[in-house]
*Asks:* 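Have a look at the structure that comes next, please.
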Amino acid sequence: MESRLDRFTYDDAIVRKFVTATIVWGVVAMLAGLLLATQLAVPQMNLGLPFTSFGRLRPLHTNAAIFAFAGNAIFSAVYYSSQRLLKARMFSDRLSAFHFWGWQAIIVAAAVTLPLGFTQAKEYAELEWPIDIAIAVVWIAFAVNFFGTIAKRRERHLYVALWFYIASIVTVAVLHVFNSMALPAGWLKSYSVYAGVQDAFMQWWYGHNAVAFFLTTPFLGLMYYFLPKAAERPVYSYKLSILHFWSLVFIYIWAGPHHLHYTALPEWASTLGMIFSVMLWMPSWGGMINGLLTLRGAWGKVATDPVLKFFVVGITFYGMSTFEGPLLSIKSVNALAHYTDWIIAHVHSGALGWNGFMTFGMLYWLTPRLFQTSKLWSQRLAAAHFWVGTVGMLLYIVAMYTSGVTQGLMWLAFDKTGRLSYPDFVETVVRIIPMYWVRAVGGALYLTGVLMGSFNIFMTWRSRPKTYEEIIVEAAPLGPDNLPKRAEPTALEKAGVHVFGRKIDYFTEANWHRLWERKPFKFTVWVTIAVLVASGFEVLPTFLIRSNVPSIASVKPYTPLELMGRDIYIAEGCYNCHSQMVRPLRAETERYGEYSKAGEFVYDHPFQWGSRRIGPDLARLGGKYPHLWHVRHMENPRDINPQSIMPTYAWLLSDDIDFSVVQQRVDAMAMLGVPYGDAVLTAEKTAREQASLIAREIEEQRGPAGLGGKQIVALIAYMQRLGVDIRTPVAEPSSPTANANKQGASK
Amino acid sequence: MKLSDVVSHAGLAFYAEVALVIFAAVFLSVVAYLFIRGSDLQTLAALPLADDVAAKVEVKQS
């Protein structure tokens, strides 16, 4: 009996939309990046405005690059390749449209709220809670659409690219939900439900796996589909691709703690993260080699085809980044590199080289097909984009390596008398300013390449036909009629091998894996279980085993005014340039003071440890300078230190504290378990009293009058509290509990 | 009594190391299966190339 054939079309209109969004947001993200790069070389480029200051714009740049540029590129790849690999139109055109417009609305919401200072202050997860909910809703729509398409597929086997998409969709959902848990304290204000060490652990479990499952696995899916298409030959080794996939699922999920080496994170978690990170190196290189060897016999084409040029360099950068990542995860290397521009070089070799070049390779391959033109408008312009982009990227990365290693060594250096060689932090900043200029030039070149590519694609679009042709495809549906038939006994059955022996053979021949690949539901469930189990094993002990976060009796909650000041610190994005984490290294304790303990952060919702020291660490700032010093410093940092590259924050001296929300915020913190006691009933009054006191002290120090209701006073209250508690003597223990706390403090 | 009281006294601090061994073992098993006795998967590798030659039966203006 002959099988019935289905007739259907692919939805390429949605892919065209995502491609357009990729290009538009790519330009926006890189323009923001270029402005930020020049701000570090010339602080006046902050323009003296709140909305354009480095601390507020940097999250906009990272969010735009990751979720707008790379995100739309991923969706372009998923929507184009999945339909063809599954031989099915997307499950629902309406869900596709909802996904597209919903995602763009989220990006616009981010572009508005982040410069206005609405942020949760967790890197790459800054967006406030209503936007977080919108992200979850749109992601679920995407997942339903994707898995619905799998359900109605006409190709039984799921190609490896689809596994990568499955892992990405499932894991990103898990990461987003758990890391974004926050208690609202207003329409655009919330506090993370986790505090201190636990919040840091959750954040970098998320942060690292966002790199893994948003910037790596979907792009590997892209590679495994579009590279064979462009090279016109199958992937070099399908076995290697299976290994590549499972290595990422089983190993990558553990690597997050390497972002927190030498911090107050428990030692065992840090070591675990390092070991898994080092284990990742070989399978990642297996993937890179698999990609490059796919071009065996086609290297001649690389010289002439810009698509393959972009892919080859993109995959090479994948290899470089996945070698460098494990290297940086080794604690002794990390001691030098952490908080420096070396990390900036590392992430940009991944973002510009791997994500950027893979995206443009895909776009140059896709656009003539999507816009139904016979070819790209200009192959020469595409080749020029490749070279300008490559040179720009190399300038950027080499400059940041040089800057990072230079500054890292200067921070650690001692002279022969045993004192810090560069005790003044700004000395280490001035030394790397030339590298900031080189980085800005490199970034400008990369952006120039992107603009060339955008123009090329625009011109290709202009030569499209008046109406697009719709290609009707035929394929047999999946059903009982089309199941593979077992016509004859297998060789083992003929040879009379016992059923147990045949089962062992079935297992060792990896046929079980082929069967799995035909059962997407089982496949997805097992991937989810692997991700959840690994995450649980690693993250939960820090939440549930108390010895991981020893308490310190002298650490008390922030006063209401200090809490308001902390919220200003968060809104201005101070954590983008300043850490609050003194590592237990002699160079750090000499420079900043006593190293940080886990128990110091138990009321920090969210944690503010930071990940880069463009300016010095602030963990021990409290009491170091008088209030007036802070007023002058925030008004214009160059009045205090002519070489400072910090933006001015003059508006903090004129903008009022919103005392009407103090009670609401203290209530929210109390709901999270912060022991405010009776103070929770008089939060606004207490805040006003402390503000008046600080304003009076500023006047006594011959500072400006009338600052009592201004934001600067709240910020000063917070900054003067930093690191103070651990120096406060603890009252004599009066109960066994207090005694236990005191013992904890000495750990 | 809180969950953290129970877990803190259950002596489970070693279980992250156990998990490391389990995950590494599962991963190494995949490696072993694939490279010692892997089956021929090249037809599957060609799937992306097959969609170009899928039966395109008609073209219409949209």
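Residue numbers start from 1 in every chain, and the chains themselves are labelled A, B, ... in the order their sequence lines are given, proteins ahead of strands.
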*Asks:* Assess whether side-chain contact (heavy atoms from CB on, under 4.5 Å) is satisfied between L370(A) and Y80(A), documenting all intermediate values.
*Replies:* CA-CA 9 Å; L370(A) 287 175; Y80(A) 185 88; 4.1 Å; yes
*Asks:* So which of S81(A), S247(A), A13(A), S237(A) has the biggest tally of heavy-atom pairs under 4.5 Å with chain B?
*Replies:*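 The option with the most such pairs is S247(A).
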*Asks:* So which part of F226(A) gets closer than 4.5 Å to some heavy atom of chain B, the side chain, the backbone, both or neither?
*Replies:* neither
*Asks:* Among F523(A), Y224(A), Y238(A), F250(A), find the residue that satisfies the ring pair (Phe, Tyr, Trp, His ring centres under 6.0 Å) test when tested with F245(A).
*Replies:*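 Looking at F523(A), Y224(A), Y238(A), F250(A), the match for F245(A) under the ring pair (Phe, Tyr, Trp, His ring centres under 6.0 Å) is F523(A).
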*Asks:* A cation-pi test, strictly: NZ or CZ of R16(A) under 6.0 Å from the centre of the six-membered ring of Y468(A) and no more than 45 degrees from its axis. Yes or no?
*Replies:* yes
*Asks:* Is A534(A) close to chain B through its backbone or its side chain, or both, or neither, when contacts mean heavy atoms under 4.5 Å?
*Replies:*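 When you check distances to chain B, atoms from both the backbone and side chain of A534(A) fall under 4.5 Å.
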*Asks:* Answer with side chain, backbone, both or neither: which region of P465(A) has an atom nearer than 4.5 Å to a non-hydrogen atom of chain B?
*Replies:*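 When you check distances to chain B, no heavy atom of P465(A) falls under 4.5 Å.
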*Asks:* Chain B heavy atoms under 4.5 Å from E155(A): which part of the residue, side chain, backbone, both or neither?
*Replies:*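 Only the side chain of E155(A) comes within 4.5 Å of chain B.
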*Asks:* Is the closest side-chain heavy-atom distance between Y236(A) and I289(A) below 4.5 Å?
*Replies:*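 With C-beta onward as the side chain, the pair stays apart.
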*Asks:* Give the C-alpha distance, both sets of side-chain angles, the deciding distance and a yes or no for side-chain contact (heavy atoms from CB on, under 4.5 Å) between L162(A) and L86(A).
*Replies:* CA-CA 9 Å; L162(A) 295 163; L86(A) 297 167; 3.6 Å; yes
*Asks:* Counting heavy-atom pairs closer than 4.5 Å to chain B, which one of P234(A), P283(A), A161(A) comes out on top?
*Replies:* P234(A)
